[in-house]
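Accompanying notes for the structure given below.
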Number of protein chains: 2
Amino acid sequence: MELWYTENHTEESKFSIKVEKQLYSAQTNFQRIDVFESKEFGKFFTLDGLIMVTEKDEFIYHDMIVHIPMASNGNIKNVLVIGGGDGGTVRELTRYKTIEKIDMVEIDEQVVEVCKKYFPSTTSGLSDKRVSLYFQDGLKFVRDAKEGEYDLIIVDSTDPFGPGEGLFTREFYGNCHKALSKDGILVNQHECPYYSDYAYNMQRAHRNIYETFNIAKVYQAHIPTYPSGHWLFGFASKTIDPIKDLKEEEWLKHNLDTKYYNLDIHKGCFALPTYVKKLLEQSHHE
Amino acid sequence: MELWYTENHTEESKFSIKVEKQLYSAQTNFQRIDVFESKEFGKFFTLDGLIMVTEKDEFIYHDMIVHIPMASNGNIKNVLVIGGGDGGTVRELTRYKTIEKIDMVEIDEQVVEVCKKYFPSTTSGLSDKRVSLYFQDGLKFVRDAKEGEYDLIIVDSTDPFGPGEGLFTREFYGNCHKALSKDGILVNQHECPYYSDYAYNMQRAHRNIYETFNIAKVYQAHIPTYPSGHWLFGFASKTIDPIKDLKEEEWLKHNLDTKYYNLDIHKGCFALPTYVKKLLEQSHHE
């Protein structure tokens with residue numbers, strides 16, 4: 001008997017992974033979690049039937065959501081991570097000795113518990129002394145944050161359905177703006193431009209960020225296990241431009257070994273295909 | 001009843017497209033051709049069970065295989081296309097009024113016939129007066145070409161199995177080198193770095209090109225219907241560097257409307273992830 005995990009990318013396309021066995025399955029108060037083991041991708045877990053992390057390529061997503069903002073501002077000391085229950089984002093952040101405080105706000109404690117058991121390689125940073133874990137709604141947490149409290153906010157969320165929904169609204173981005181220091185940066189996962197349902201979410205997120213921040217850019221990465229493999233991230237700030245303000249020498253001093261990110265990628269990943277640029281520009285006028 | 005086309009990307013992963021109907025199927029002397037119709041991707045065709053062209057995203061592959069070399073050298077007059085039976089590469093080339101001659105060498109006449117019938121939008125350039133079609137083995141054609149006859153050779157081939165196999169060998173690249181003018185450019189489809197079987201082919205192709213040409217670079221694009229969505233192209237030349245020699249002003253004068261390619265993408269697409277750089281560097285020493 002063959003066991004296959006199948007994810008619908010749209011109603012008319014799907015991606016399947018041959019599974020050795022299912023390791024875990026549970027319905028939490030917020031979502032369904034499943035953990036599988038495969039030969040090709042190692043262990044992987046899904047939330048509500050969508051792949052979040054595979055051992056094979058989680059490094060791509062986590063490199064790109066962390067090192068792009070960290071190399072754009074050399075003075076990041078206080079960081080807020082919203083979502084990111086698998087711990088991969090915090091793990092990459094803890095590699096920077098210059099960071100003093102990392103608050104992580106995950107709505108679903110069970111995601112963290114499950115990942116601690118099955119994904120020790122992504123959760124390894126959660127025991128770092130600088131990390132505080134809050135099992136709360138990120139939307140409310142940011143509403144209550146002090147003005148200018150964070151130098152970096154990373155929104156490492158699911159798609160804008162279910163628990164992730166509020167993290168794509170103008171109210172949320174407005175509260176992030178307030179909670180950020182003068183040179184603060186907001187980065188968020190920004191969906192994919194290729195399939196129209198995802199592209200619609202991307203446009204909505206971008207419009208809301210663009211209306212809130214002086215600088216609102218989008219960058220891309222190749223993440224083969226996400227729909228279409230073409231994944232976007234949003235970069236927003238009151239003052240920092242990720243290309244003009246890139247701190248090459250400073251970043252190199254951290255001496256980090258990264259499997260996807262490098263300074264060429266930093267400069268190259270903001271170059272978007274014409275059709276993506278057009279989708280983003282359209283959203284400014286809606 | 002639902003009809004799905006399924007492509008194995010590896011033994012343990014596969015991609016499926018819901019199909020409205022199959023339009024054509026035949027075994028030629030060289031390979032199997034199938035044409036399908038789908039809602040999400042429009043019409044698409046496969047060779048030996050691998051997607052070659054979908055109406056939805058063929059523009060990405062054809063933009064990137066043509067406009068990168070064309071913008072890197074403003075004096076391209078004579079072009080050779082090997083493979084590319086769907087016509088998309090020639091279509092993009094014919095948009096340049098400065099090109100004088102395009103020879104296209106496709107081993108399988110039936111691919112061209114089938115595409116003329118089902119993909120008039122990709123084959124539209126084949127009737128251009130500058131185009132000569134040769135139904136021959138590209139390997140032999142290049143062996144017999146005059147020295148310095150072409151300013152650009154584009155290898156728009158299948159993977160290195162079956163009819164495409166010879167187009168990844170050192171002998172073939174050596175003959176391309178001879179057939180190219182002093183500032184000539186060779187571009188080829190270069191497989192994907194993410195899945196190990198493809199990455200092995202990529203390393204082999206790169207090693208052979210690297211040993212033949214002074215300049216041997218690799219660039220990438222997001223092509224969602226190819227395995228992993230992370231596709232590479234090789235750029236090789238005796239003299240031309242695709243970044244240093246980029247002719248921005250000259251290219252803009254052609255006034256081409258392109259859906260994927262633009263001058264930012266040109267500069268950004270040569271920035272490769274660290275793991276891909278390492279795979280390419282390894283291949284130099286094998």
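A note on names: the letters A, B, ... follow the listed sequences, proteins ahead of strands, and every chain is numbered from 1.
Heavy atoms of other residues, nucleotides or ligands lying less than 6.0 angstrom from OH of Tyr210(A) number 12 at most. Residue Tyr24(B) qualifies as enclosed at atom OH: its count of foreign heavy atoms under 6.0 Å is above 12. For CG of Asp241(A), the number of neighbouring non-hydrogen atoms (other residues, nucleotides, ligands) closer than 6.0 Å is greater than 12. The number of heavy-atom neighbours closer than 6.0 Å to OH of Tyr260(B), taken from other residues, nucleotides and ligands shown, is above 12.
Between chain B and the options Ala221(A), Pro227(A), Ser196(A), the largest number of non-hydrogen pairs under 4.5 Å is found for Ala221(A). The choice from Ser228(B), Cys269(B), Gly229(B) that makes the most heavy-atom pairs within less than 4.5 Å of chain A is Ser228(B). The greatest number of non-hydrogen atom pairs below 4.5 Å with chain A, out of Lys39(B), Lys278(B), Glu11(B), Glu2(B), is found for Lys39(B). Contact count versus chain A (heavy atoms, under 4.5 Å) is highest, among Lys18(B), Lys259(B), His9(B), Lys14(B), for Lys14(B). Ranked by heavy-atom pairs shorter than 4.5 Å toward chain A, the options Asp257(B), Leu272(B), Ile265(B), Asp264(B) are led by Ile265(B). Of the listed residues Thr225(A), Thr6(A), Asn262(A), the one with more heavy-atom pairs under 4.5 angstrom with chain B than any other is Asn262(A). Of the listed residues Phe270(A), Phe41(A), Tyr5(A), Tyr261(A), the one with more heavy-atom pairs under 4.5 angstrom with chain B than any other is Phe41(A). When the candidates Asp57(A), Ile17(A), Val19(A) are compared by the number of heavy-atom contacts under 4.5 Å with chain B, Asp57(A) comes out ahead. Comparing Lys277(B), His266(B), Glu40(B) by heavy-atom pairs within less than 4.5 Å of chain A, the highest count is held by Glu40(B).
A pairwise comparison of heavy atoms in Gly268(B) and Ala271(A) identifies CA-CB, 4.2 Å as the closest pair.
In this structure, Lys56(A) forms a cation-pi arrangement with Tyr194(B), its terminal cationic atom sitting closer than 6.0 Å to the ring centre and no more than 45° off the ring axis.
Rounding to the nearest 0.5 Å places CG of Asn8(A) at 9.5 Å from OG of Ser16(B). Glu12(B) contributes atom CD, which lies 7.0 Å from atom OG of Ser38(A) (distance to the nearest 0.5 angstrom). With rounding to the nearest 0.5 angstrom, the NE2 atom of His222(B) is 11.5 Å from the CH2 atom of Trp231(A).
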